[in-house]
Amino acid sequence: MQRIILDTDTAGDDTIAIMMAMRAKGARLEGITINCGNIDFDQEVENALYTIEVAGESGKVPVYPGARHPLLKEWRTVEDIHGTDGMGNSMFPRARQRPERKHAVDAIIDAINESPGEITLVEIAPMTNVALALRKDPGIAKKVKEFYFMGGANQYLGNVTPAAEFNIWVDPDAASIVLNSGMPITMVGWEIVMRHGLIGVPELEEIERMKTKESEFYLAVNRQVRKFMEIERGIDGTSCPDSITMAIVLNPEVATETRDRFVEVDAGDGISRGVTWVDELGALKKKPNVRVVYQASQQAFRRMLYEMLRGGRV
Ligand code: RIB
Ligand code: CA
């Protein structure tokens, strides 16, 4: 049984990743930690609590508020992509469950120390919480079972700047600490999303026909993303960065090709802020620190997504 701690900046597709983890046959979502990122921090906390309620698990998955600001950098939130509430402007009601008093950083440290070698840490947000946890207790790097992150771009365009993907751009200093921590790391970059993790009109029509609480929730929280993709990217559909990452966590067969590479982040303040350099040629002569996903199965991902949206388990 995979034991998952999920760090999220809960908006749009983050919520679908949370639901997939809660509906996993072979995994247990043991905690959600909140990181600054997509939208207003307190709204991110509420979105996580509400998602747990929609999944029918109210009170069963603790939510720990974490870093409200990146380590050093200023950043911008992206309500233009996810809606002012991060949920497609659905303005859902407040969930019954309330957040924990324990800080996210302590929740991550305690979970890993209490169960060395057993916790899979999944990152679908900027990495401030994880970096702080590593700075507070460096020993967790050798005790975590696996660290998966959605972020960066492997020899591919960024999405928030020409160079950088949002999660890394928000807190490149944190990302640099994490990538150099010695944890066993798997990277799912933005290129995987754009090549294998898009849901187009035929798929959205399939989801519309499902008429389940999960499918209706999916369409609602992705409402603004669909508008953004059409206007800004010329693509009629939604992108699924966090849910394809969770699919890879839950079912390693979704990642059809991976390669071990040395990866470094530019934590500077210039145009290349947040770029993830994957040393494809080994030119830097440094030991690989990341297992990079190079190919993913769109079919396997969609199968898992549809199963969850139909109310099933994945
Ligand atoms: O670049 C996409 C990532 O940034 C996703 O995780 C999205 O939720 C935002 O956090
Ligand atoms: Ca996210």
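Just follow the structure's listing: the first ligand is 1, and inside any ligand the first atom is 1. Positions are given from 1, in the same order as the sequence printed here.
Contact atoms of ligand 1 toward N167: 3 (C), 4 (O), 5 (C), 6 (O), 9 (C), 10 (O) (distance under 4.0 Å to a heavy atom of the residue). Contact atoms of ligand 1 toward E165: 1 (O), 2 (C), 3 (C), 4 (O) (distance under 4.0 Å to a heavy atom of the residue). The distance from ligand 1 to the heavy atoms of D9 drops below 4.0 Å at these ligand atoms: 8 (O), 9 (C), 10 (O).
With 3.0 Å as the limit, D14 counts as an N, O or S neighbour of the Ca ion (ligand 2). For residue G12, no N/O/S atom approaches the Ca ion (ligand 2) to within less than 3.0 Å.
Angle OD1(D9) to the Ca ion (ligand 2) to O(I124), rounded to 10°: 90°.
Salt bridge present: E46 and R98 bring a charged side-chain N and a carboxylate O closer than 4.0 Å. Taking a cutoff of 4.0 Å between a charged side-chain nitrogen and a carboxylate oxygen, K213 and E216 do not qualify as a salt bridge.
Protein heavy atom at the shortest distance from atom 9 (C) of ligand 1 is N38 OD1, 3.2 Å. Protein heavy atom closest to atom 6 (O) of ligand 1, with residue, atom name and distance, is D242 OD1, 2.6 Å. With hydrogens left out, the protein atom closest to atom 8 (O) of ligand 1 is D14 OD1, 2.8 Å, a heavy atom.
In this structure, a donor-acceptor pair under 3.5 Å is present between the side chains of S115 and R3. Side-chain contact check for T186 and R291: at least one donor-acceptor pair (N or O, by modelled atom type) lies under 3.5 Å. Donor-acceptor pairing under 3.5 Å is lacking for the side chains of E165 and T276.
In this structure, the side chain of D9 engages the main chain of N38 through a donor-acceptor pair within 3.5 Å. Between the side chain of D85 and the backbone N or O of M91 there is at least one donor-acceptor pair closer than 3.5 Å.
Counting heavy atoms under 4.0 Å from ligand 1, residue I124 touches it through the backbone alone. Neither the backbone nor the side chain of V160 comes within 4.0 Å of ligand 1, counting heavy atoms alone.
Ring orientation note: the planes of F217 and Y50 are tilted relative to one another, at an angle of 30° to 60°.
The number of heavy atoms from other shown groups lying within 6.0 Å of CD (Q299) does not exceed 12.
Not close to ligand 1: D13, with no non-hydrogen atom less than 4.0 angstrom away.
M87 pairs with exactly one of T10, I39, N47 by the side-chain contact (heavy atoms from CB on, under 4.5 Å) rule, that one being N47.
Summary: OD2 is the N/O/S atom of D242 found nearest to the Ca ion (ligand 2).
Ligand 1 has no nitrogen or oxygen under 3.5 angstrom from a nitrogen or oxygen of M150. Annotation: H82 places no N or O atom under 3.5 Å from an N or O atom of ligand 1; distance criterion only.
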